[in-house]
Amino acid sequence: AQVVGEQILYLDDALQAGNRYFYQVIGFDQDKQPGVPSPVLSHAWDTLPQPPGAPQAQAGDRQIRLSWTMVTRLLDGRPAPEPLTYNIYRRQEGSSWTRINSEPVLDAWFQDLTVANDITYQYLIRTVRTVAGDALESPDSLMLTARPMDLTPPAPVQQLVAVPTSQGIELRWQPSPE
């Protein structure tokens, strides 16, 4: 196990595809006396799906559209035996990754309408395979960066008039409030 801040992380990297694993943690005090066991957690494990390919981000006005190539295969190259979905992760510079889709994404695109203009966002996409009710995520896609911008044109000028002069026509107007 590894201590990271106030968390203890354990990576079980000896998993075999097609199995369900059960975990329980017991803490010990400085005298090596065991504490109360944690609840038992279980998770199915199998071959992960491939990550989404060719990801793209297109920034608009208060929105970013993500797209990628639909995944149909597992990491070992076999066809996926069940339908695959996607999870979308976003962060701003200096913050941590957060999943932004509340439901699985079924198509190979996602429209993020929760962004603000003039802020740079980074995205990762992961393919999700559901095995025995547990979600298994692919490795990360390539990271995408996008910055939405205000694309609304300014209001038109006001009180435009054309005045004939000896040298041609002079245009006069009140400036736009924007």
Side-chain angles (χ1 to χ4, degrees), residues 1-57 64-116 119-148:
Q2 178 183 8
V3 178
V4 178
E6 293 189 15
Q7 293 184 337
I8 299 174
L9 304 176
Y10 174 75
L11 176 63
D12 188 355
D13 59 1
L15 304 177
Q16 294 182 2
N19 289 320
R20 176 168 288 280
Y21 291 88
F22 297 85
Y23 300 92
Q24 185 175 49
V25 176
I26 300 172
F28 291 83
D29 66 15
Q30 63 270 20
D31 296 326
K32 299 186 182 184
Q33 296 298 313
V36 177
S38 72
V40 174
L41 300 177
S42 73
H43 203 284
W45 187 253
D46 213 326
T47 306
L48 298 176
Q50 292 179 350
Q56 296 181 354
I64 296 173
R65 179 181 169 86
L66 305 172
S67 61
W68 56 90
T69 304
M70 184 77 75
V71 177
T72 59
R73 298 197 167 275
L74 304 178
L75 278 179
D76 63 7
R78 291 181 295 138
E82 62 276 311
L84 301 173
T85 59
Y86 305 92
N87 281 334
I88 314 300
Y89 294 85
R90 179 184 73 198
R91 74 175 177 183
Q92 291 172 245
E93 191 171 328
S95 64
S96 58
W97 292 101
T98 304
R99 191 175 97 189
I100 59 173
N101 57 300
S102 56
E103 297 293 323
V105 175
L106 304 174
D107 298 311
W109 65 273
F110 181 81
Q111 188 98 7
D112 187 358
L113 301 174
T114 63
V115 295
I119 296 175
T120 301
Y121 296 93
Q122 295 176 318
Y123 293 89
L124 292 173
I125 307 161
R126 294 180 187 152
T127 309
V128 179
R129 178 181 180 202
T130 303
V131 175
D134 291 328
L136 303 177
E137 288 189 332
S138 72
D140 296 339
S141 69
L142 294 175
M143 188 172 63
L144 301 169
T145 301
R147 182 180 181 96

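Bear in mind that the values here come from a model prediction, so they are computed numbers and not experimental data. Scope of the values below: all heavy atoms of this structure, side chains included, with no hydrogens, waters or symmetry mates.
The distance from the OG atom of Ser138 to the CG atom of Asn87 is 9.0 Å, given to the nearest 0.5 Å. Here Gln2 contributes atom CD and Leu11 contributes atom CG; the two are 9.5 Å apart, rounded to the nearest 0.5 Å. Annotation: the span from Gln56 atom CD to Leu142 atom CG amounts to 11.0 Å, rounded to 0.5 Å. In this structure, the separation between OG on Ser67 and CG on Leu144 is 8.5 Å, given to the nearest 0.5 Å. Here OG of Ser42 is found 10.0 Å from OH of Tyr23. Values are rounded to the nearest 0.5 Å.
Across all their heavy atoms, Pro148 and Ala116 have their closest contact at CG-O, 3.3 Å. Of all heavy-atom pairs spanning Pro49 and Pro139, the tightest one is O-CD, 3.8 Å. Nearest heavy-atom pair across Ile125 and Pro55 is CD1-CB, 4.2 Å. Minimum interatomic distance between Ala54 and Thr69 (heavy atoms only, all atoms of both residues): CB-OG1, 3.5 Å. Residue Ala44 comes nearest to Arg20 through the heavy atom pair N-NH1, 3.6 Å, listed as atom of the first residue, atom of the second, then distance.
Residues in residues 81-109 take part in these ring-ring contact (aromatic ring centres under 6.0 Å, His included) pairs, two or more places apart or across chains: Trp68-Tyr86.
Ile100 places a side-chain heavy atom less than 4.5 Å from the side chain of Asp112. Looking at Glu103 and Thr85, their side chains never come closer than 4.5 Å, going by heavy atoms from C-beta outward. Between Trp45 and Asp12 the shortest side-chain heavy-atom distance does not fall below 4.5 Å. When side chains are defined from C-beta on, Tyr121 does not count as touching Arg91, because their heavy atoms never get closer than 4.5 Å. Residues Arg126 and Arg99 fail the side-chain proximity criterion, which asks for heavy atoms closer than 4.5 Å. Looking only at side-chain heavy atoms (C-beta outward), Leu84 and Thr72 stay at 4.5 Å or farther from each other. Residues Tyr10 and Ile8 form no side-chain contact, since every pair of their non-hydrogen atoms from C-beta on lies 4.5 Å or further apart. Arg90 has its side chain out of reach of Ile64: every pair of non-hydrogen atoms, C-beta onward, lies at least 4.5 Å apart.
Around CD of Glu82, the count of heavy atoms belonging to other residues, nucleotides or ligands within 6.0 Å exceeds 12.
Judged purely by atom type and a 3.5 angstrom limit, Gln24 uses its side chain to pair as donor or acceptor with the backbone of Ser38. In this structure a side-chain-to-backbone donor-acceptor pair under 3.5 Å is missing from Arg129 to Asp46. No donor-acceptor distance shorter than 3.5 angstrom exists from the side chain of Asp140 to the backbone of Leu124, with no hydrogens or angles considered. Judged by distance alone, with hydrogens and angles left aside, the side-chain atoms of Gln50 form a donor-acceptor pair with the main-chain N or O of Leu74 at under 3.5 Å.
Inspection of the Thr120 and Arg147 side chains reveals an N or O donor paired with an N or O acceptor under 3.5 Å.
Of the candidates Val131, Thr127, Leu75, Leu75 is the only one forming a side-chain contact (heavy atoms from CB on, under 4.5 Å) with Leu48.
A search for salt bridge (Lys or Arg N to Asp or Glu O under 4.0 Å) contacts involving Asp31 returns nothing, not counting sequence neighbours.
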